[in-house]
Amino acid sequence: MSWEYSGADSLYQNTSEKYSYVDFVQKPIEIYVFIDPLCPECWALEPFLKKLSTEYGRFFTIRPIISGYLNLLNQEYFERPRNIKELWEKTAKRTGMCCDGDLWEENPVSSPWIASLAIKAAELQGKKAGKMFLRKIRENAFLYKQDISKESALLTCAEEANLDVNEFISDLYSKSAKKALQSDIKLTQEMQVEYIPTIVFFNQFTEEQGIKISGLYPYDIYLRVLREILQKHAIPSEKPMLEDFLSYYKTVSTTEIAVVYDWSQAKTEREMKKLQLRQKVKCIPVKHGNFWVYQE
């Protein structure tokens, strides 16, 4: 059972506690991120997760949990496309992470649960493959207005994520994928997750309860909770060179870069245009802002 984060100011200041090299290999913290692939606030969480990983990733691993919350509990909402369009547009304007609500008028997602099942099928090829596929499926929905429940769109995402496409096709409707999705939904219920996104932080080296944060918060809140559950005032890692960051993530938004590097949107655009002139990145203009694709 985890307890809810209530905005407390207290932090464990046990700076005398040291972690060994083995601890870093094992990574003391596990972060469960409960999401739905079509949830715009879950998408808007991405810049903060990238910043947290960049600065403190040596301490934790992230485990995405496909909650099925929107899919199973809000079917009526999905049957009214205008509601989703308005939600996507408001979230995009508020957070800077593009969610093109025109999808729901031009090419609505017909079977949201298939997208969730596809993510679990991709994960059968490894955690990294699953995360890459999750990213691609979101990009295709939020940026390119693709119906990600169609097999053609899913195969495109699989190719972009460098999956074994034949294996993915075989796994898509398999018992293993269905069982994995049901396991995520069961975990969502057991941990009493009633809102997405929800993040739960666990320290695997203590018997303390986890800390659960429901909703989208400023970055400082996630950092505060990480330090609290880590039980030490961790120092952030040095940020990578911008080109190294882009090379690792391949496709990122102006907002994601700005958040990670603590830059303004204007400065970020200037820096990216310098790289564009050097043909290091390609600009992808979308309805709300720009995305950038690293050129190998």
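At most 12 non-hydrogen atoms from other residues, nucleotides or ligands lie less than 6.0 angstrom from CD1 of Ile235. Enclosure of atom NZ in Lys93 is not indicated, since only 12 or fewer non-hydrogen atoms of other residues, nucleotides or ligands lie within 6.0 angstrom.
Ser53 OG to Phe59 CZ: the interatomic distance, rounded to the nearest 0.5 Å, is 13.0 Å. Here the CD1 atom belonging to Ile148 is positioned 8.0 Å from the CG atom belonging to Leu103, to the nearest 0.5 angstrom. A distance of 14.5 Å separates CH2 of Trp113 from CD1 of Ile66, quoted to the nearest 0.5 Å. Expressed to the nearest 0.5 Å, how far OG of Ser253 lies from CZ of Phe291 amounts to 4.5 Å. Between atom CD1 of residue Ile31 and atom CZ of residue Phe60 there is a gap of 4.5 Å, rounded to the nearest 0.5 Å. Taken from CD1 in Ile119 to CG in Leu154, the straight-line distance is 9.5 Å, to the nearest 0.5 Å.
Considering only heavy atoms from C-beta on, Tyr222 comes within 4.5 Å of Leu45 through its side chain. Within the 4.5 Å cutoff, side-chain heavy atoms of Pro240 are placed close to those of Thr54. No side-chain heavy atom of Thr198 sits under 4.5 Å from any side-chain heavy atom of Ile35. At a threshold of 4.5 Å between non-hydrogen side-chain atoms, the residues Ser67 and Asp184 do not count as touching. For the pair Tyr56/Leu223, a side-chain contact is recorded, criterion being any heavy-atom separation below 4.5 Å from C-beta on. Two residues are said to be in side-chain contact when any heavy atoms from C-beta on lie closer than 4.5 Å; Arg58 and Ser237 meet this criterion. Using a 4.5 Å heavy-atom cutoff, the side chains of Pro40 and Leu87 are in contact. Contact annotation: the side chain of Phe34 approaches that of Val200 to within less than 4.5 Å [non-hydrogen atoms, C-beta and beyond].
Hydrophobic cluster membership differs between Trp292 and Met132, with clusters built from Ile, Leu, Val, Met, Phe, Trp and Tyr side chains linked at under 4.5 angstrom. Linking Ile, Leu, Val, Met, Phe, Trp and Tyr residues whenever their side-chain heavy atoms come within less than 4.5 Å places Leu49 and Ile137 in a single cluster. Note: the hydrophobic cluster containing Ile221 does not contain Val260 (ILVMFWY, side chain heavy atoms under 4.5 Å, direct or indirect links). Leu163 and Leu124 are assigned to two separate hydrophobic clusters, defined by single-linkage of ILVMFWY side chains at heavy-atom distances under 4.5 Å. Ile229 and Phe48 end up in the same hydrophobic cluster when Ile, Leu, Val, Met, Phe, Trp and Tyr side chains are linked at under 4.5 Å.
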Discussion item. Determine whether Tyr32 and Phe201 satisfy the following criterion, ring-ring contact (aromatic ring centres under 6.0 Å, His included), listing intermediate values before the conclusion.
Written reply: CA-CA 7 Å; Tyr32 288 12; Phe201 293 76; over 10 Å; no

Worksheet item: side chain to side chain contact (heavy atoms under 4.5 Å, CB included) between Lys212 and Ile199: does it pass, once the steps are laid out?
Response: CA-CA 6 Å; Lys212 180 166 65 176; Ile199 299 182; over 6 Å; no

Worksheet item: Which is it for Glu256 and Tyr261 under the side chain to side chain donor-acceptor pair (under 3.5 Å) test, yes or no, and what are the steps along the way?
Response: CA-CA 9 Å; Glu256 288 175 302; Tyr261 287 90; over 6 Å; no

Worksheet entry | Candidate pair Glu55 and Lys51, rule salt bridge (Lys or Arg N to Asp or Glu O under 4.0 Å), full reasoning | CA-CA 6 Å; Glu55 296 185 336; Lys51 185 176 178 67; 3.3 Å; yes

Practice prompt. Evaluate the criterion side chain to side chain contact (heavy atoms under 4.5 Å, CB included) for residue pair Asn140 and Glu160; output intermediate values, then yes/no.
Written response: CA-CA 10 Å; Asn140 275 270; Glu160 292 175 349; 3.2 Å; yes

Fill in: Candidate pair Met272 and Leu246, rule side chain to side chain contact (heavy atoms under 4.5 Å, CB included), full reasoning
CA-CA 10 Å; Met272 295 309 295; Leu246 297 169; 3.7 Å; yes

Discussion item. Pair Gln265, Thr268 - check side chain to side chain donor-acceptor pair (under 3.5 Å), show working.
Written reply: CA-CA 5 Å; Gln265 292 277 335; Thr268 304; over 6 Å; no

Practice prompt. Report the C-alpha distance between Glu269 and Thr254 in whole Å, list the side-chain angles of each, state the deciding distance to 0.1 Å, and finish with yes or no for side chain to side chain donor-acceptor pair (under 3.5 Å).
Written response: CA-CA 7 Å; Glu269 290 284 344; Thr254 297; 2.8 Å; yes

Fill in: Worked verdict on Tyr144 versus Ile284 for side chain to side chain contact (heavy atoms under 4.5 Å, CB included)
CA-CA 10 Å; Tyr144 305 125; Ile284 307 294; 3.6 Å; yes

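Salt bridge present: Lys250 and Glu296 bring a charged side-chain N and a carboxylate O closer than 4.0 Å. A salt bridge is absent between Lys120 and Asp171: the closest approach of a Lys/Arg side-chain nitrogen to an acidic carboxylate oxygen does not fall below 4.0 angstrom. At a threshold of 4.0 Å, the pair Arg135-Glu46 counts as salt-bridged, since one of the basic side-chain nitrogens sits closer than that to a carboxylate oxygen. Salt bridge annotation for Glu243-Arg278: present, with a cationic side-chain nitrogen under 4.0 angstrom from a carboxylate oxygen. Salt bridge Lys287/Glu89: present, at least one basic N to carboxylate O contact under 4.0 Å. A salt bridge does not link Lys90 with Glu86: none of the charged nitrogens is closer than 4.0 Å to a carboxylate oxygen.
Of the possible donor and acceptor atoms, one in the side chain of Arg227 sits under 3.5 Å from a partner among the backbone N and O of Ala234. Here the side chain of Lys131 pairs a donor or acceptor atom with the backbone of Ile62 at under 3.5 angstrom. Of the possible donor and acceptor atoms, none in the side chain of Ser174 sits under 3.5 Å from a partner among the backbone N and O of Ser170. Judged by distance alone, with hydrogens and angles left aside, the side-chain atoms of Gln204 form a donor-acceptor pair with the main-chain N or O of Lys27 at under 3.5 Å. Remark: side-chain polar atoms of Asn107 are paired, donor with acceptor, to backbone N or O of Lys145 under 3.5 angstrom.
Listed here is the closest heavy atom pair of Asp147 and Pro108: OD2-O, 3.3 Å. Nearest heavy atoms, Asp262 versus Lys239: OD2-NZ, 3.4 Å. Annotation for Ala141 and Leu38: closest pair CB-CD2, 4.1 Å, computed over non-hydrogen atoms. Residue Pro37 comes nearest to Leu134 through the heavy atom pair CB-CD1, 4.5 Å, listed as atom of the first residue, atom of the second, then distance. For Gln295 against Gln279, the heavy-atom pair with the smallest separation is CB-O, 3.6 Å. Closest approach of Glu41 and Pro197 over heavy atoms only: CB-CD, 3.7 Å.
Cation-pi geometry between Lys50 and Tyr249 is satisfied (NZ or CZ under 6.0 Å from the ring centre, within 45° of the ring normal).
Note: Trp88 and Trp104 have perpendicular aromatic rings, judged against thresholds of 30 and 60 degrees for the angle between ring planes.
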